[in-house]
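Written out below as structure tokens is the structure these notes cover.
Ligands are counted one by one from 1 in listed order, and the atoms in each one are counted from 1 as well.
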Amino acid sequence: MTAPSGRAGVLSTARGEAGGKLILLGEHAVVHGQPAIAAGISAGTRIEVSPAPGGRRTVGGADPVDPRLVRAIAIAAEGLGLPEGQGFDLAIEGDLPDAVGLGSSASLSVALTRALAGAAGTRLPSGKVADIAHAIEGAFHGTPSGVDVTAVLHGDLGWYEVGPPRRWESIVPSRPLELVVVVADARHDTGRTVGSLRERAATSPGLYRPLFDAIGSLVRESRSAIERGDAARLGEAMTLDHGLLRTLGVSTPALDAAVTEAMALGALGAKLTGGGGGGAIVALAPGEGRTLAALLDRPDRPAFAVRLPSA
Ligand code: MEV
């Protein structure tokens with residue numbers, strides 16, 4: 001990563017924000033070269049950077065304890081060309097549940113890049129913001145496909161391929177997509193689920209490649225279903241995708257139970273979303289998403305509606 005030119009070294013107070021993301025289909029297989037369909041969501045992260053004396057880089061006035069966050073901050077500062085002695089404090093807040101598959105680390109990566117660039121008075125071209133945010137995301141997830149950061153940066157519904165080069169094509173649904181997210185299980189570690197699957201796939205490619213290919217076929221079918229407004233077909237593909245993700249060993253009993261319950265309540269399809277191993281599911285509602293969300297919502301298992309608009 002080459003540092004951008006700018007007034008790095010003289011920070012002012014600045015804010016940066018970014019939304020989260022929702023993977024509709026294709027997670028995990030996307031790491032192995034298949035396409036995925038994802039969308040940006042408005043729930044996200046807001047960061048305020050304030051200059052601090054000395055070289056200390058704190059979060060809420062204290063040294064960050066998560067080594068991944070320490071590394072993420074170092075990558076961001078280096079990507080922006082800040083001198084090592086340049087200290088600052090970050091006030092981080094947001095409305096995105098952490099580590100449940102809704103892009104909290106990608107959101108933080110983009111918000112941090114934007115906030116620090118603003119504080120340094122550096123106007124970054126969008127490609128440079130993406131480069132820095134992808135590098136920060138790597139501190140959290142090892143070797144991610146880049147779908148999370150790309151969906152957060154674009155914010156709309158799109159088709160993603162890992163490349164290189166990474167590719168995002170906006171998808172315009174012919175009818176709005178009425179979705180429900182259910183945070184059904186404990187927080188997860190995407191880096192761990194991706195790493196474990198990567199190891200198994202590398203050891204037995206003949207066993208895993210056909211499953212990734214099958215997910216890729218579902219993603220292709222789903223794109224045309226979205227574009228022609230065939231919600232029943234999209235829902236069916238989502239539920240089949242969940243079955244494949246379960247076969248790949250990245251689901252949990254709580255995620256499976258939430259999928260079963262959503263289907264029993266009339267969802268057209270449901271699946272885990274994101275890294276799995278815990279986290280959230282996404283269901284396609286037969287009517288208004290908030291009606292299904294109200295049926296699924298429980299104090300220990302929050303549900304909320306997400307509407308992706310048509311043209
Ligand atoms: C995580 O949101 C999506 C995964 O496919 C990992 C990645 O693409 O980097 C599980």
Side-chain angles (χ1 to χ4, degrees), residues 18-41 43-45 68 72 96-110 130-131 133-155 157-168 179 181-185 187-202 208-209 211-216 218-219 222 238 241-242 244-252 255 271-282 306:
K21 71 91 201 353
L22 184 61
I23 297 187
L24 225 55
L25 289 112
E27 52 273 271
H28 284 291
V30 69
V31 176
H32 302 268
Q34 297 295 329
I37 296 176
I41 59 173
T45 311
R68 298 173 309 169
L96 199 58
D98 196 24
V100 294
L102 299 177
S104 52
S105 56
S107 181
L108 184 133
S109 303
V110 175
D131 283 351
H134 282 292
I136 299 171
E137 164 88 338
F140 292 101
H141 289 167
T143 49
S145 70
V147 62
D148 292 11
V149 164
T150 306
V152 165
L153 286 167
H154 285 268
L157 177 69
W159 168 276
Y160 178 78
E161 286 173 30
V162 66
R166 298 185 192 99
R167 187 167 139 223
W168 180 267
L179 303 167
V181 173
V182 185
V183 181
D185 202 355
R187 295 146 56 106
H188 68 169
D189 182 341
T190 296
R192 194 168 298 158
T193 51
V194 169
S196 148
L197 185 52
R198 195 189 282 283
E199 265 174 40
R200 286 180 281 135
Y208 286 85
R209 178 61 51 202
L211 295 169
F212 297 141
D213 290 347
I215 291 176
L218 294 174
V219 175
S222 297
M238 287 169 66
D241 191 8
H242 182 73
L244 290 167
L245 289 164
R246 197 166 172 237
T247 304
L248 288 169
V250 296
S251 190
T252 64
L255 293 173
K271 61 179 278 293
L272 71 82
T273 183
I281 69 151
V282 57
V306 175

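With sequence neighbours left out, F212 forms a ring pair (Phe, Tyr, Trp, His ring centres under 6.0 Å) with H32.
Remark: D213 CG to L218 CG distance equals 11.0 Å, nearest 0.5 Å.
Listed as neighbours of ligand 1 are K21, I23, E27, H28, V30, V31, P144, S145, V147, D148, T190, V194, G274, G275, each bearing a heavy atom under 4.0 Å from the ligand.
What you find for L248 and R200 is that their closest heavy atoms are O-NH1, 2.9 Å.
Checked by atom type and distance alone, the side chain of R198 pairs as donor or acceptor with a backbone atom of T143 at under 3.5 Å.
In this structure, Y160 and W168 have tilted ring planes: the angle between them lies in the 30° to 60° band.
S222 places none of its side-chain heavy atoms less than 4.5 Å from the side chain of L24.
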